[in-house]
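Note sheet for the following structure.
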Amino acid sequence: HSNRAMWFQDFFPPNVCPINFEANTFYGIMFDAGSTGTRIHIYTFVQKSPENLPELEGEIFESVKPGLSAYADQPEKGAETVKKLLDMAIEAVPPHLWKKTPVVLKATAGLRLLSEEKAQALLLEVKEVFEESPFLVPEDSVGIMDGSHEGILAWITVNFLTGQLSGQNRQTVGTLDLGGASTQITFLPRFEETLKETPGDFLTSFEMFNSTYKLYTHSYLGFGLKAARLAILGALNMEVVDGQMFRSSCLPKQLEAEWHFGGVKYRYGGNKEGETGFKPCYLEVLKFVKGKLHQPDEIRGSSFYAFSYYYDRAADTNLIDYEQGGVLEVRDFEIKAKEVCDNMERYKSASPFLCMDLTYITALLKEGFGFRDNTLLQLTKKVNNIETSWTLGATFYLLQSLGMTY
Ligand SMILES: O=c1[nH]cnc2c1ncn2[C@@H]1O[C@H](COP(=O)(O)OP(=O)(O)O)[C@@H](O)[C@H]1O
Ligand SMILES: [Ca+2]
């Protein structure tokens with residue numbers, strides 16, 4: 001890959017000069033194998049001049065459901081879903097750049113929760129799909145990502161996209177990611193006190209764009225939204241007896257239904273005779289959340305970027321616009337949880353879990369992380385038309401390791 005300036009490039013506007021265009025555009029393909037879906041991110045970069053960092057020009061994004069972990073017993077079928085997405089990259093990347101375009105897949109909590117054997121079988125099939133493709137397949141192109149990397153890379157993405165990693169006046173923002181099976185919190189501590197009171201494995205130093213950052217980050221496995229539902233129902237890690245019913249005051253009274261998760265069938269329903277509504281639901285949820293998470297004092301007064309299921313549930317209940325996102329206070333989730341849980345009949349056409357999900361989010365923020373009622377959350381799905389996902393941070397890291405950027 002050559003990024004040397006060509007003597008003639010000043011004679012053409014950059015978008016017209018064909019040689020210039022070809023020499024300076026490159027691609028990176030990053031797969032996110034999440035617990036609820038698999039996603040492809042195809043990033044385009046342009047190196048405008050040899051002395052500057054490549055600029056991110058755009059992204060093509062597509063996703064499929066369910067995630068790889070749903071194919072635990074059919075790894076070939078799982079890899080087939082990856083191949084379908086990879087076909088999009090064949091369309092998107094010009095053929096002469098295929099060999100120079102790296103492709104990587106990182107799996108998160110869904111595969112972390114599978115047995116080693118089943119997870120490896122899935123990853124092996126995916127690796128074969130990559131090897132058969134025309135793209136550049138680096139070492140370690142397929143694997144399970146460390147939870148701490150998930151948080152750090154999402155933090156890099158958001159702070160890069162909001163311009164906090166370059167120029168002066170850097171004011172980085174913390175990030176909150178709520179997945180299906182795990183949840184992450186990441187921020188740059190400002191106070192010495194925070195570093196002192198934080199367990200060592202919650203702090204990670206890394207280098208990016210010629211700066212070193214020491215971040216607070218932690219991934220809580222089993223605290224994603226879907227895993228939390230099972231825990232709240234009391235069904236997590238249970239030997240489910242055939243036909244056993246799990247009931248909760250967070251569900252509509254008359255509800256009785258089935259849910260398939262991790263290859264197990266669960267029957268669940270409302271408290272037919274007993275209580276329902278926000279109060280009993282919050283108490284149920286607290287039993288699962290309280291005392292389980294580290295609470296750094298410093299975050300109480302700062303604002304955070306929040307995405308994934310925080311975003312989805314806020315959009316589902318019109319707390320924010322689905323396209324634009326918006327700014328909320330922590331208490332807005334509680335107000336909405338009360339409204340939904342105390343009027344469950346009115347909301348049951350949406351999702352029977354809406355009350356439980358909103359109550360869990362409220363409890364996670366307040367009692368889990370220890371945020372204040374008025375802590376501000378910036379709900380964001382895209383910045384400058386780029387998805388706020390750890391995948392962009394991971395792609396920077398990949399390009400850096402391949403010597404395509406620095
Ligand atoms: O790139 C993305 N764009 C939009 N939403 C995303 C993206 N990546 C993840 N999500 C959201 O993340 C949530 C699901 O989490 P995921 O399946 O990644 O679980 P995990 O992180 O626990 O493995 C959903 O709310 C989904 O919409
Ligand atoms: Ca995720």
Side-chain angles (χ1 to χ4, degrees), residues 28-43 58-72 78 81-82 85 88 105-114 119 122-123 143-158 161 175-186 217-231 236 261-262 305-317 319-320 322-325 351 353-354 357-358 360-361 364 379-395:
I29 307 168
M30 185 63 61
F31 279 90
D32 167 9
S35 68
T36 69
T38 303
R39 306 148 196 132
I40 187 172
H41 300 254
I42 306 165
Y43 297 105
E59 176 191 34
I60 295 171
F61 170 70
E62 191 57 70
S63 62
V64 291
K65 280 180 182 175
L68 274 188
S69 46
Y71 300 94
T81 66
V82 172
L85 289 171
M88 288 189 59
L105 175 141
K106 293 291 170 199
T108 54
L111 258 67
R112 278 180 213 135
L113 289 170
L114 285 185
L122 279 162
L123 296 175
I144 298 178
M145 190 169 40
D146 200 88
S148 67
H149 291 166
E150 203 175 345
I152 289 171
L153 296 170
W155 183 92
I156 291 173
T157 297
V158 169
L161 291 175
T175 52
L176 296 168
D177 186 349
L178 180 58
S182 72
T183 189
Q184 289 78 238
I185 177 170
T186 309
T217 189
H218 195 74
S219 180
Y220 293 93
L221 190 59
F223 283 79
L225 191 74
K226 305 247 164 137
R229 287 178 182 175
L230 280 187
L236 198 67
F261 191 84
Y305 271 64
F307 32 89
S308 47
Y309 277 123
Y310 292 112
Y311 190 99
D312 297 351
R313 288 301 168 269
D316 293 344
T317 53
L319 281 170
I320 55 167
Y322 187 76
E323 295 298 328
Q324 307 292 316
S351 154
F353 283 105
L354 194 54
D357 289 352
L358 289 167
Y360 174 60
I361 288 174
L364 179 66
L379 281 293
T380 316
K381 193 193 190 30
K382 288 186 181 195
V383 178
N384 299 331
N385 225 19
I386 308 288
E387 302 279 331
T388 51
S389 159
W390 55 260
T391 51
L392 178 60
T395 303

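Start at 1 and go down the list; that is how both ligands and their atoms are numbered.
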* Partners meeting side-chain hydrogen bond (donor to acceptor under 3.5 Å, both in side chains) with T388 (sequence neighbours left out) ->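 So T388 forms no side-chain hydrogen bond (donor to acceptor under 3.5 Å, both in side chains) with any residue.
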* To do: Please identify each residue that fulfils side-chain contact (heavy atoms from CB on, under 4.5 Å) with A314, with sequence neighbours left out.
  =>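 With neighbours one apart ignored, the set is L319, I320, L328, F333, L379.
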* Residues in the immediate environment of ligand 1 (any heavy atom closer than 4.0 angstrom) ->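 Residues D32, G34, S35, T36, G37, R39, H41, F61, T108, A109, E150, G179, G180, A181, S182, S308, Y309, D312, E387, S389 each place a heavy atom under 4.0 Å from ligand 1, listed by chain and number.
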* Asked: Got a sec, which residues hit ring-ring contact (aromatic ring centres under 6.0 Å, His included) with H218, two or more places apart in sequence or on another chain?
  ->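 Here the qualifying residues are F202, Y220.
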* Asked: Below 4.0 angstrom, N of the basic side chain to O of the carboxylate: do R229 and D357 qualify?
  ->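 Looking at R229 and D357, the cut-off is met.
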* Determine whether I42 and E59 make a side-chain contact, defined as any pair of heavy atoms from C-beta on separated by less than 4.5 Å. =>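 No, every pair of side-chain atoms sits at 4.5 Å or beyond.
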* Go through D32 and T391 one step at a time and tell me if the side-chain hydrogen bond (donor to acceptor under 3.5 Å, both in side chains) criterion holds. => CA-CA 7 Å; D32 167 9; T391 51; over 6 Å; no
